[in-house]
Each structure stands twice: as structure tokens, then as C-alpha cells.
Amino acid sequence: MTRLRSGPQRGAMGGVRSTRASRAGRAVVVAVALLWSLGPVVYGVVLSVRPYAEVTRDPLGLPTELDLSAFATAMRDEADGGFGLGRFVLNSLGVAVGTVILSILVCVLGAYAAARVRYRGRAVTNGIILAVYLFPGIVLAVPKFVILSRLGLTSTLVGLLIVYVAATVPVALYMMRNFFLALPQSVEEAAIMDGCSLGQLLVRVVLPIAIPGVVATAIYVFMIAWNEYFYALLFLVQHRGLWTAPLGIAQLGDFQVPVTVLLAGSIAVTVPVVIVFFLAQRYIVSGLVQGAER
Amino acid sequence: MTAGPTQVRPGRARRAAVTRPTTAAQRANRSGWLLVSPSLAVVALVVLLPFVLVVVFGFSEIRLVDIPFLGTEPVEWTLDNFRQAAASQAFWGALWTTVLYAGLTAVGSLAVGLVLALALRRPFAGRGLVRALLLVPYVLPVVAAATIWKTALNPQYGVVNAFGRAYLGWDTPVGFLSTTSAEVWGIPVPVALLVVVLFDIWKSAPLAFLFLTARLQSVPGEIEEAAALDGANRRQVLRFILLPQLRAVALLLLLLRFIWSFQTFDDVYLLTEGAGSTQVMAIQVYTELVTKADIGSAAAFGLLMSLILCVLLAGYVLLSRRTDES
């Protein structure tokens, strides 16, 4: 019975048919992989709904009741006895949304040129952009810090926004170019024949069919900005009111904050990203791995 | 195709079909530069300019307190930053730690990704869901992931130590994130470093899995079937058909992960802050800049790092050229 169901796609080919042993092996690998990937996450969620005293007394125990007070404590303002994560989340949201808007505006244009327009110097500019994508970012942290603090922007969210746009433009360009390359060219050619201007072509012809790619890139950019930690630490560590969500959680870890509250905060900032990522997962993945199929 | 049979061949033929070829080319030139200029402006302002500056800083004596006077005083050139780096134990120690960290991470995440990609190659009920769930560690914000791992490894209330003491007979809790080295059956093991490597493998293996899966999907089924008809068994199919197909992309992944892990700051700093001999280069740059307030020295460390990375990047470009051609 099971043997019959196992190999409809391989039928008579004895050598590559899944055997019972290989299927059992696969089941073990899949189970271990899921445990390895999700185990820590499940552990974090479980701890975040247990009372702190119970966690320290019995680390291996399971929650006896659902205690959501850690989430409320994490989010509430310091004035109300909380840890101010709500404000950090708003800071993060502002910077991340700003980054998405600016980065996507710049990249839609650049990526379209890289994918479609045959201008002189195209090979060179494409090369520069790829080089920048692969360039070690940490090396530029030092001069960026110096420039922005000379301009008085290191203790502002604007400074962070500038750095994030710079950090996301190369990867967004790369992803969006892949999406544009995958679009059928004939529609655009017809539009050019009909005397469409460049602006009309982009807004009326290209963007409507490229929307899934643009959205996927936007989500990816949002994730980078939302998750970023290093520059937030470098720029804003002294300014508690401006902390982003990741910086806030990391900094609170050094204070005497109950671990359940920290985990509740971590879960709270994770859930939105994970949900949004999975909604657009198919597109994001195809934009990232394009070129690997060869 | 709207323009009929004249447009069958791409490239030159298409350009000839446009009525005024010179104007069209000029127009393409103009709009190309128009479109790409914002991107180039961003790149120039926040990549090329900083790069020039980091070279200047590396070769000059400059500290955090000098920032307000930048641009008002002439630069005094010096090689001191590099001399000090080359003479310092911290630099060479960090370099070795970083190479070890990046190497182990690259190999580990490729191996895990490969096992997953091969295990999930054939369709089965729920495969799509499993694939999606395996991506969770990759999507998780690094701060959230590190918080969870730190909690799990905590000596007082962490689940790992509690489990080890309850079921594995550990006498004392293990400080996973602060122990430089511990003897396991007489062999010294760099505990903290291995933990941060495991963490990075956990976070980055899903990406390797994605790339390898994409490559596997494009292996034509006929090759495999032909091999099976010739009597090849599963192991031979894997060894002689699948793995050679994956070689190029696997090499690229190995190199890319090494390059990325070589510059890792977040993961290591969040887990250990450099304790337990996990001072990687990026943390060293951060320490020089923030703790020691020495911009020149931080820039020099960064430049030396990028020198090593440039060699690797050249390797990457060569490799991807070869992959493109084949």
C-alpha cells in the first residue's frame, strides 16, 4: 500500500524509487531539522508566558497557565512601571518605513535602468553596484560614524535613516533588477513604439506588472531596517528616548529586567516580521536566489 | 511581439527596427543615466566617500575628540596605526578567531543546508509548510534570536543547563557564553566560540538551503532517470549526478558565507560581547572606535580586514564568472 503510493513520479525506475528506509530516513531528518529550527523559538514563546518566579524555580517546566503580563510590562512606558518597548517600536517603525520609501524610490529607477535600458556605461555602473553589494560594510562604519557625527546626526533617527537607506540600496537594486529581468519585454517595446515617454512607461506599464517584485523587495528592505542593531548601538546608545526596538531589547538585557519580559519583547517584535515575510515568501525567495538555478 | 517578423532576433535587429537609430540610442543613454543617477548618488555619498575617508583616517592620527575640528586642520600622515596593529596581540588574536569563526560557520551552514535540501528534494505531504518553517531562524531579528539563545544557555535558569544537570549528570552548570576552553574527554574545546558558530549556522543555513534547493530543482529529471535505467543506485545518483551539479553553487555559498561571517558583529557581540575568546575583528574595530576612542586605529583595523576580504571577493568574482560560463 505505502509502497504503491510512494513512487507515482518515478514509477518503474527501480534505482531512484523512494524505499521504505529512505522515507524513514527523510522523516528523521525532517523531524530533527524542525526541532533544531523551531525549538529555540518555541522555547522563547513558552518562557514569555510563564511567570518569572516559576521559570527560575523550574527551568524545565511547562506553563501551567497563560500569563501575558510580561508583554504588557515590556510595552508600557517607564512612567507606568514598564520598560518602554512601545516607544522603541514606534521609533523602529518610523525609521523602517522611511527607509523603505526612500530606498524603493531610488531602486525602482536604478534597477529598471540596469535591467532594460542600453545606455553607455551600463556595464561599469552595474559592476560598481555589485561591488558595493559585496563590499564589507563594517569597514565603512568608522567613516560613516565620523561624517554623521561631524554633521551632528549621530544622535538622531535621521542619521540612522541615512545609514539604512545606504545599506539597503545595493541589495534592493539587485533584487529588483532580477524581478525586472524576469518580466516579459514585449509590452514595454509596444509602449515605446506607441510613443510612451519614460515616465509614462514606468508608471503605467512597468510598475503595474512589477508590483509583486516591488512589494517583495520593500518587505525585505523593511526587515533589514527593522532588525538592524549595529548602527543603532553605535549612534543611539546614549539616547534612551530614541532607542529602536532591537537596541532597546539588547540594552534592557544588561539591566535587571526579568528574562520573561525580555523574551516577551523579543517575540513581540518578531511576530510582525515573520508574518509579513511568509505572506510574501515566494517572491522574496525568488528574488534572492535568482541566478542560482544555472 | 507587436512588431512582427523583423523583430524575431533580439539585440541589433531590434534596434534597427526603431525608425531613428541614433536618436533612439541617445535617448536610451539619457534615460539610462537619468534613472541610475539617484542610485549612483547614494552609492557615491555613502560608500565611495566614506571609503576615501577611511583610508585617510587609517593613515592619520585622529581620535573621537578631533571630530569637531575635522576639515579645518591639515592631515598629518603616519603609518603608526598599522605599525601598532601589526605589533598588537589583540589584532592577531582577533584575526585568528575570525578566520576560525567564519570558516566553521561557512562549512557548517553549507553542510546543514545541503542535508536539508537533499532531504526535502522529493515532494511529500506538507513539504511546503516544512520549507517555510525552516526559514524561521533566518527571518528572526538577530536580537530576538540572541535573547532566546542567551536565556536557554543561562547557567541559572537556562533550559540547556537544567537539562544537563537533570538528565546528563553535569555536576556544575556550564557558562556556555563565557568559557574560553573546556576539556571534553581530554580534548580542549573552545566552548564560547563553538556556541557562536552554532548560532550563526542556525541563522544562516536556511539561506544555503534556499540556494541549493533552487539549483536542485533545475537538474533535469531525465539525467537521473537515465542513470537509474543504467542501474545506478541512490548513492551513485547522489555522488555522480547531484553533487557535481551542486558544486558551483556550493562553492559560491561557501565563499559568500565566509565573507559575510568574517565581518559579523551583531551575533557575537549580542551573545558574548567578546567574552570567552570570541573577540572577532568587527568587535575589535568597534572597541577601538568606541571604547578606546581611536578613529585612526579603528580605521586601520577595518582596512586590514577589507584587504583580506578583497582577496576573497576577487575569488568570488572569478568563481561566478566560471559559473556563468558553464
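Throughout, protein chains are lettered first and strands after them, A, B, ... in sequence-line order, and every chain is numbered starting at 1.
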Once rounded to the nearest 0.5 Å, what's the spacing between atom CD1 of B/I148 and atom CG of A/L262? 11.0 Å
Quick check on A/I147 against chain B: is it the side chain, the backbone, both or neither that has a heavy atom closer than 4.5 Å? side chain
Checking A/L202 against chain B: side chain, backbone, both or neither under 4.5 Å from a heavy atom? side chain
Just give me the residue among A/G110, A/A113, A/S37 that pairs up with chain B most often, heavy atom to heavy atom, under 4.5 Å. A/S37
Classify the ring geometry between B/F265 and A/F230 as parallel (under 30°), tilted (30 to 60°) or perpendicular (over 60°). perpendicular
Turns out that what part of B/L153 lies under 4.5 Å from chain A's heavy atoms comes down to neither
Is B/V143 close to A/N227 at the side-chain level, that is, under 4.5 Å between some pair of heavy atoms? no
Interface check, chain A: of B/T147, B/L118, B/L53, B/L253, most non-hydrogen pairs under 4.5 Å belong to B/T147
Report which part of B/Y167 has an atom under 4.5 Å of a heavy atom belonging to chain A: side chain, backbone, both, or neither. side chain
Roughly how far, to the nearest 0.5 Å, is OG of B/S39 from CG of A/L109? 7.0 Å
Answer with side chain, backbone, both or neither: which region of B/Y138 has an atom nearer than 4.5 Å to a non-hydrogen atom of chain A? side chain
Pairwise side-chain contact, A/W36 with B/L134, heavy-atom cut-off 4.5 Å (strictly under): no
Give, as side chain, backbone, both or neither, the part of B/I295 having an atom under 4.5 angstrom from any heavy atom of chain A. both
Which atoms of B/V42 are under 4.5 Å from chain A, going by heavy atoms: the side chain, the backbone, both sets, or neither? side chain
Cut-off 4.5 Å, heavy atoms of chain A, and the answer for B/L270 is side chain
A/Y220 versus chain B, the contacting section by heavy-atom distance below 4.5 Å: side chain
Heavy-atom pairs under 4.5 Å with chain A are the metric here; pick the option from B/P38, B/A132, B/A41 that has the most. B/A132
Side chains of B/N154 and A/V259 in contact at under 4.5 Å (non-hydrogen atoms): no
Given the options B/P141, B/G302, B/A144, which has more heavy-atom pairs under 4.5 Å with chain A than any of the others? B/P141
Nearest heavy-atom contact between A/V41 and B/W202 is CG2-CZ2, 4.3 Å
Is it the side chain or the backbone of B/L120 that comes within 4.5 Å of chain A heavy atoms, both, or neither? side chain
Of the backbone (N, CA, C, O) and the side chain (C-beta and beyond), which part of B/L210 lies under 4.5 Å from a heavy atom of chain A, both, or neither? both
Part of B/E288 lying under 4.5 Å from any heavy atom of chain A: neither
In Å, rounded to the nearest 0.5 Å, how long is the span from CG of B/D266 to OH of A/Y229? 7.5 Å
Chain A contact via B/F262 - side chain, backbone, both or neither, heavy atoms under 4.5 Å: neither
Picking from A/V273, A/L38, A/V169, which has the most non-hydrogen pairs under 4.5 angstrom with chain B? A/L38
Kindly indicate whether the side chain of B/Y286, heavy atoms from C-beta on, has any atom under 4.5 Å from the side chain of A/L233. yes
Heavy-atom pairs under 4.5 Å with chain B - which of A/T270, A/V29, A/V32 has more of them than the others? A/T270
Any side-chain heavy-atom pair from B/L135 and A/F277 closer than 4.5 angstrom? yes
What's the shortest heavy-atom distance between B/F57 and A/V146, and which atoms? CZ-CG1, 3.6 Å
Heavy-atom distance under 4.5 Å to chain A: side chain of B/L289, backbone, both or neither? side chain
With a 4.5 angstrom heavy-atom cut-off, which part of B/V290 approaches chain A: side chain, backbone, both or neither? side chain
With a 4.5 angstrom heavy-atom cut-off, is it the side chain or the backbone of B/V139 that approaches chain A, or both, or neither? both
